[in-house]
Amino acid sequence: QVHLVESGGGSVQAGGSLRLSCAASGWSISDYCMGWFRQAPGKEREGVAVITHQCILYSTNSVEGRFTISRDVAKNMLYLQMNSLKPEETAMYYCAAGLKERWRYDMNWYDERQYNYWGAGTQVTVSS
């Protein structure tokens, strides 16, 4: 059974850093495109970054240069290193997995239809 568990969230001051982790169990992340999404209060969920099964990276413009997505296939873990955090990035952060056989490069990487499994999320709070 596919299972995703996020951790590493917390409270940090603006300009600070956090590293989120996502532990996958029941399958290998090498068979999936793995992404991070976030949802701020009162807003729609948005894609933050993805690493495909071919190790192609995509991220939303607002985090480029500050956030880094990575994976450790041996440990079956996905990570999101977040630096220079801003108060507006306060949100619940979710890990998601999309089966590589169903991944479509003609669809946007942040299209939630690309993802089959989701974690419960980890809260990130950035204070000013």
Side-chain angles (χ1 to χ4, degrees):
Q1 185 175 357
V2 176
H3 201 48
L4 295 168
V5 179
E6 302 93 336
S7 62
S11 297
V12 65
Q13 289 192 327
S17 299
L18 284 173
R19 187 195 193 203
L20 304 184
S21 299
C22 174
S25 60
W27 45 278
S28 172
I29 63 172
S30 62
D31 292 330
Y32 288 79
C33 298
M34 301 294 297
W36 287 99
F37 286 73
R38 63 188 178 190
Q39 186 168 21
K43 294 188 177 181
E44 293 187 355
R45 189 159 55 187
E46 65 170 350
V48 177
V50 69
I51 179 167
T52 73
H53 61 285
Q54 296 173 316
C55 291
I56 299 172
L57 307 181
Y58 300 96
S59 62
T60 190
N61 289 340
S62 65
V63 307
E64 285 186 4
R66 298 185 299 119
F67 289 15
T68 303
I69 187 171
S70 63
R71 68 178 189 176
D72 186 329
V73 174
K75 294 182 179 179
N76 229 25
M77 296 286 292
L78 178 73
Y79 304 101
L80 184 68
Q81 178 65 44
M82 306 187 294
N83 299 327
S84 302
L85 281 160
K86 304 175 181 179
E88 56 265 36
E89 293 177 317
T90 293
M92 185 72 77
Y93 282 71
Y94 299 91
C95 172
L99 193 61
K100 67 178 182 181
E101 288 83 359
R102 297 178 184 175
W103 190 261
R104 292 181 56 178
Y105 285 98
D106 62 342
M107 286 178 65
N108 290 319
W109 63 268
Y110 48 82
D111 191 323
E112 294 192 14
R113 292 174 296 176
Q114 297 260 53
Y115 299 87
N116 308 101
Y117 304 103
W118 295 81
T122 185
Q123 177 68 38
V124 171
T125 302
V126 185
S127 58
S128 57

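Quantities reported herein were computed from a predicted structural model and do not represent experimental measurements. The figures that follow rest on heavy atoms only: side chains count, while hydrogens, waters and symmetry mates do not.
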Shortest non-hydrogen separation from [X] to [Y] and the atoms involved:
{"X": "Q123", "Y": "T90", "result": "NE2-CG2, 3.9 Å"}
{"X": "V73", "Y": "S28", "result": "CG1-OG, 4.4 Å"}
{"X": "L57", "Y": "I51", "result": "CD2-CG1, 3.4 Å"}
{"X": "V12", "Y": "S17", "result": "CG2-N, 3.9 Å"}
{"X": "R71", "Y": "S30", "result": "NH1-CA, 3.9 Å"}
{"X": "A96", "Y": "Y115", "result": "CB-CD2, 3.6 Å"}

Nearest 0.5 Å please: distance from the [atom1] atom of [X] over to the [atom2] atom of [Y].
{"X": "R66", "Y": "S59", "atom1": "CZ", "atom2": "OG", "value": "10.0 Å"}
{"X": "L80", "Y": "T122", "atom1": "CG", "atom2": "OG1", "value": "11.0 Å"}
{"X": "S128", "Y": "Q13", "atom1": "OG", "atom2": "CD", "value": "9.0 Å"}
{"X": "T68", "Y": "M82", "atom1": "OG1", "atom2": "CE", "value": "11.0 Å"}
{"X": "H53", "Y": "I29", "atom1": "NE2", "atom2": "CD1", "value": "13.5 Å"}
{"X": "E89", "Y": "T125", "atom1": "CD", "atom2": "OG1", "value": "12.5 Å"}

* Pairs where residues 3-13 contributes a residue and the test salt bridge (Lys or Arg N to Asp or Glu O under 4.0 Å) is met, not counting sequence neighbours -> none
* To do: Tell me whether M77 is reachable from V50 by hopping between hydrophobic residues (I, L, V, M, F, W, Y) whose side-chain heavy atoms are closer than 4.5 Å.
  => no
* If you group Ile, Leu, Val, Met, Phe, Trp and Tyr by side-chain heavy-atom gaps below 4.5 Å, do L99 and V2 land in one group? -> yes
Check whether [X] reaches the backbone of [Y] with its side chain - one donor and one acceptor, N or O, closer than 3.5 Å.
{"X": "N76", "Y": "A24", "result": "yes"}
{"X": "W36", "Y": "Y79", "result": "yes"}
{"X": "T52", "Y": "C33", "result": "no"}
{"X": "W109", "Y": "M107", "result": "no"}
{"X": "Q114", "Y": "R104", "result": "yes"}

With a 6.0 Å cut-off (strictly less than), is the heavy-atom count around [atom1] of [X], excluding the residue itself, greater than 12?
{"X": "K100", "atom1": "NZ", "answer": "yes"}
{"X": "E64", "atom1": "CD", "answer": "yes"}
{"X": "E44", "atom1": "CD", "answer": "no"}

* Asked: Does R38 reach the side chain of V63, with side-chain heavy atoms less than 4.5 Å apart?
  -> yes
* Structure fact -> Only one of Y110, Y94, W118 passes ring-ring contact (aromatic ring centres under 6.0 Å, His included) with F37, and that residue is W118
* Structure fact -> D111 meets the salt bridge (Lys or Arg N to Asp or Glu O under 4.0 Å) criterion, sequence neighbours left out, with R113
* **L78 and L4: CA distance, side-chain angles, deciding distance, side-chain contact (heavy atoms from CB on, under 4.5 Å) verdict** => CA-CA 10 Å; L78 178 73; L4 295 168; over 6 Å; no
